[in-house]
Number of protein chains: 2
Amino acid sequence: MSSKVLPQPERDEIRVEAVLQALGEPVRLTIVRALADNPAGVCCGDIELPVTASTRAHHLKTLREAGVLSTHTDGTRRISVLRREDLEALYPGLLTGILSAKQ
Amino acid sequence: MSSKVLPQPERDEIRVEAVLQALGEPVRLTIVRALADNPAGVCCGDIELPVTASTRAHHLKTLREAGVLSTHTDGTRRISVLRREDLEALYPGLLTGILSAKQ
DNA sequence: ATCGTAGTACGATGATGATCGAACTAGTGA
DNA sequence: TCACTAGTTCGATCATCATCGTACTACGAT
């Protein structure tokens, strides 16, 4: 058992400005859309992005610290999952609204 | 009749990244909340903000160009109105989700 | 006309942040 | 133990942007 959850804010610590700021960046929005398509979670590196690994890590950290996604380890992999329940509880409709945008 | 509408994107020109980026700034979120409380529109200068007039103008321009609000002149005043219909049509649930956040 | 008020435009500045390469950590497997 | 892989962290750099003061425009009233 080598799985562990990376630090993230509790539901009541999530601030809407942080969430919106996190989502208002094209690369991060791409990540969120990929997570939305895969409820079981996605391995970070499997999302195709026009940035290097370190930039990718930076964006994932930003999203995690904003409370948008949760990351747990799986061996050397890191699996990220969208925090749908928490976001829906805090801001009902926000996620579906964003995801319904024809990109 | 001296009323005229300031330039703004058509509904189909609104991009979700621009909207989210515009909303992800505390001062601008304050403006949006004030507009949401006043469906008839609000005179720009009547919203209490911790910034100068020029910064206020900058934020209002950002929100207008993102498609979040509409501004029309009324004499020397400028009245801003939230573009609820357009936003709801493009991103159903997004606005209500954001506004339901206990600030 | 002149003045006052509401707001914008411009230029400068300082802060934030997106990006990268390089060095590092941790887990897997030979 | 020794590589290999996945990912993070650090420091630097460059771009974006929030902020301000000042100068400007537009409208209304005297």
Side-chain angles (χ1 to χ4, degrees), chain A residues 1-8 15-32 34-35 38 41-81, chain B residues 1-8 15 17-35 38 41-81:
Chain A
M1 172 55 166
S2 60
S3 181
K4 116 175 102 169
V5 177
L6 271 57
Q8 63 180 37
R15 292 164 304 119
V16 68
E17 308 89 16
V19 171
L20 291 170
Q21 193 173 351
L23 296 173
E25 206 280 333
V27 175
R28 289 196 289 261
L29 200 51
T30 302
I31 295 174
V32 169
L35 295 189
N38 296 275
V42 170
C43 174
C44 311
D46 291 350
I47 309 173
E48 263 192 61
L49 295 172
V51 294
T52 63
S54 59
T55 302
R56 178 194 314 262
H58 162 68
H59 285 310
L60 285 166
K61 186 179 183 183
T62 300
L63 287 166
R64 195 181 65 242
E65 290 180 345
V68 175
L69 56 80
S70 180
T71 303
H72 64 270
T73 62
D74 173 33
T76 107
R77 305 277 175 116
R78 310 232 161 164
I79 308 297
S80 290
V81 184
Chain B
M1 174 53 166
S2 59
S3 181
K4 118 175 98 168
V5 177
L6 271 56
Q8 64 179 37
R15 293 165 304 119
E17 309 89 18
V19 171
L20 291 170
Q21 193 172 352
L23 295 173
E25 206 280 332
V27 174
R28 290 196 288 261
L29 199 52
T30 303
I31 295 174
V32 170
R33 288 197 177 107
L35 295 189
N38 297 274
V42 171
C43 173
C44 310
D46 291 349
I47 309 173
E48 263 192 60
L49 296 173
V51 294
T52 64
S54 60
T55 303
R56 178 195 314 262
H58 162 67
H59 285 310
L60 286 165
K61 187 180 183 184
T62 301
L63 287 166
R64 194 180 66 242
E65 290 179 345
V68 176
L69 55 81
S70 181
T71 303
H72 63 270
T73 62
D74 173 33
T76 107
R77 306 277 176 115
R78 310 235 161 162
I79 308 297
S80 290
V81 184

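First the proteins, then the strands, lettered A, B, ... as listed; each starts at 1.
- Taking five base pairs at each end of the helix from dA1(C)-dT30(D) to dA30(C)-dT1(D), the local helix axes there meet at an angle of 20°, rounded to 10°.
- Between E25(B) atom CD and E17(A) atom CD the span is 9.5 Å, to the nearest 0.5 Å.
- Across L20(A) and L23(B), no two heavy atoms sit closer than the pair CD1-O, 3.7 Å.
- A heavy-atom distance below 4.5 Å is found between the side chains of L6(B) and R78(B).
- Every residue meeting the side chain to side chain donor-acceptor pair (under 3.5 Å) condition with Q8(B), not counting sequence neighbours, appears here in chain and number order: S70(B).
- One can place CG of L6(A) at 13 Å from P of dA26(C), the figure rounded to the nearest angstrom.
- Of all heavy-atom pairs spanning T71(A) and S80(A), the tightest one is OG1-OG, 3.1 Å.
- If you measure from atom CG of D74(B) to atom P of dT8(C), you get 14 Å, rounded to the nearest angstrom.
- Distance CZ (R56(A)) to C1' (dG17(C)): 19 Å, rounded to an integer number of Å.
- Listed by chain and residue number, T52(A) satisfy the side chain to side chain donor-acceptor pair (under 3.5 Å) test with S54(A) (two or more places apart in sequence, or in another chain).
- To the nearest 0.5 Å, the span separating CG on L69(B) from CD1 on I31(B) amounts to 7.5 Å.
- With rounding to whole Å, K4(A) atom NZ is found 11 Å from dG27(C) atom C1'.
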Within the sub-3.5 Å range, which N or O atoms of nucleotides 4-7 of chain D have a protein N or O partner, and how far apart are they?
{"from": "dA6(D)", "atom 1": "O4'", "to": "T76(A)", "atom 2": "OG1", "distance (Å)": "2.7"}

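- Atom NZ of K61(A) is separated from atom C1' of dA18(C) by 14 Å (rounded to the nearest Å).
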Donor-acceptor contacts, no H, no angles, side chain residues 56-67 of chain B, under 3.5 Å, sequence neighbours left out:
{"from": "R56(B)", "atom 1": "NH1", "to": "C44(B)", "atom 2": "O", "distance (Å)": "3.4"}
{"from": "R56(B)", "atom 1": "NH1", "to": "I47(B)", "atom 2": "O", "distance (Å)": "2.6"}
{"from": "H59(B)", "atom 1": "ND1", "to": "R28(B)", "atom 2": "NH1", "distance (Å)": "3.1"}
{"from": "T62(B)", "atom 1": "OG1", "to": "H58(B)", "atom 2": "O", "distance (Å)": "3.0"}
{"from": "R64(B)", "atom 1": "NE", "to": "P7(B)", "atom 2": "O", "distance (Å)": "3.1"}

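- Between the T30(A) side chain and the P26(A) main chain, a donor and an acceptor come within less than 3.5 Å of each other.
- In this structure, the separation between SG on C43(B) and CD1 on I79(B) is 5.0 Å, given to the nearest 0.5 Å.
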What are the atom names and distances for every N/O pair under 3.5 Å that joins the protein to nucleotides 16-19 of chain D?
{"from": "dC17(D)", "atom 1": "OP1", "to": "Q21(B)", "atom 2": "NE2", "distance (Å)": "2.8"}
{"from": "dA18(D)", "atom 1": "OP1", "to": "R28(B)", "atom 2": "NH2", "distance (Å)": "3.3"}
{"from": "dA18(D)", "atom 1": "OP2", "to": "R28(B)", "atom 2": "NH1", "distance (Å)": "2.9"}
{"from": "dA18(D)", "atom 1": "OP2", "to": "H58(B)", "atom 2": "NE2", "distance (Å)": "3.2"}
{"from": "dT19(D)", "atom 1": "OP2", "to": "H59(B)", "atom 2": "NE2", "distance (Å)": "2.3"}

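- Between the CG atom of L49(A) and the P atom of dA18(C) there is a distance of 14 Å, rounded to whole Å.
- Within the 4.5 Å cutoff, the side chain of L35(B) has no heavy atoms near those of the V81(B) side chain.
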